[in-house]
Amino acid sequence: AGNWKMNCDLAEMEELLAGIKNNIGSVPNDVQLMVAPSFTNLHPAFESLRETNVKVVAQNMHQSESGAFTGEVSPSMLKSIGIETVIIGHSERRSIFNETDAVLAEKVSTALKHGMTVVFCFGEELKDRKADQHFEVVKQQLKEGLFHINDADWDKIILAYEPVWAIGTGETASPEQAQEMHAEIRKMITEEFSKEIADKVAILYGGSVKPANAQEIFAKEDVDGGLIGGASLKADDFLAIAKSY
Ligand code: 13P
């Protein structure tokens, strides 16, 4: 999954999409690709990728149905242009836009109510890892933001573990650190829900994934894919990462 963040105007995105579409045949069919453009680019991206199996995903949405929320976008607006999946809880939303676990929990509920799939992001900061609190922090984020859902809702959930210290820093979690956390996340889900649900849910790793390190990260048993920022803005790198799975 490529999270394009606040990058690419329309022309730049069209170039990126052309690059992806030109070589998409090289990606094995069993690899699900997703891209998350800005709100203004969602509709053109959806139209451009209509004939492919690349899903177009929103980076955020508001938790309310409609109303006086200047500058915000609702789930029905997204659905009306064909968008069925939304990223919720990205660390930049949490830290820069002050989205709390309580707000994220509401967003998750609203998305599920609209039948949308949620890519739920979470991850510890460097200070948490240094204090050996990373498992606790992640558990708290999952409990407060996500674990209010029902068993059946898990079919609509994709998890993305993104340690904040690895996002855009060039520093990745080692494959072992990613595996250790992903295994721990499955344990948390087993405890709160069931082993069946824990085994089935896809857990992506995000944080400075690039062609050079994707293969060893994706090779880990509990890593089911990646959420890619910077490297997803270059078609060749994005496809190379996709082929590493
Ligand atoms: P980078 O791949 O640029 O580190 O970004 C990761 C990310 O935040 C994806 O959501």
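Since the structure is predicted, the reported quantities are computational estimates derived from the model, not experimental observations. We count residues from 1, following the sequence as given. Order of appearance sets the numbers: ligands from 1, and atoms from 1 within every ligand.
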Could you pull out every donor-acceptor pair under 3.5 Å between side chains of residues 8-19 and any protein atom, sequence neighbours left out?
residue : atom : partner : partner atom : Å
Asp9    : OD1  : Ala11   : N            : 3.2
Asp9    : OD1  : Glu12   : N            : 2.9
Glu12   : OE1  : Asp9    : N            : 2.8

Query raised in the report: Is the Tyr205 to Phe218 ring centre distance short of 6.0 Å?
Result: no

Report task. Check whether any side-chain heavy atom of Leu204 lies under 4.5 Å from a side-chain heavy atom of Tyr161, and answer yes or no. Result -> no

Query raised in the report: Pick from Lys139, Arg94, Lys143, Lys107: which one makes a salt bridge (Lys or Arg N to Asp or Glu O under 4.0 Å) with Asp101?
Result: Arg94

Query raised in the report: How are the rings of Trp154 and Phe193 set relative to one another: parallel (under 30°), tilted (30 to 60°) or perpendicular (over 60°)?
Result: perpendicular

Contact table ligand 1 N or O to protein N or O, d under 3.5 Å:
residue  : atom   : partner : partner atom : Å
ligand 1 : 2 (O)  : Ser208  : N            : 3.4
ligand 1 : 2 (O)  : Gly229  : N            : 2.9
ligand 1 : 3 (O)  : Gly230  : N            : 2.8
ligand 1 : 4 (O)  : Gly168  : N            : 2.6
ligand 1 : 4 (O)  : Ser208  : N            : 2.7
ligand 1 : 5 (O)  : Lys5    : NZ           : 3.3
ligand 1 : 8 (O)  : Lys5    : NZ           : 2.8
ligand 1 : 8 (O)  : His90   : NE2          : 2.8
ligand 1 : 10 (O) : Asn3    : ND2          : 3.0
ligand 1 : 10 (O) : His90   : NE2          : 2.9
ligand 1 : 10 (O) : Glu162  : OE1          : 3.2
ligand 1 : 10 (O) : Glu162  : OE2          : 3.0

Query raised in the report: Is any side-chain heavy atom of Phe122 closer than 4.5 Å to a side-chain heavy atom of Leu104?
Result: no

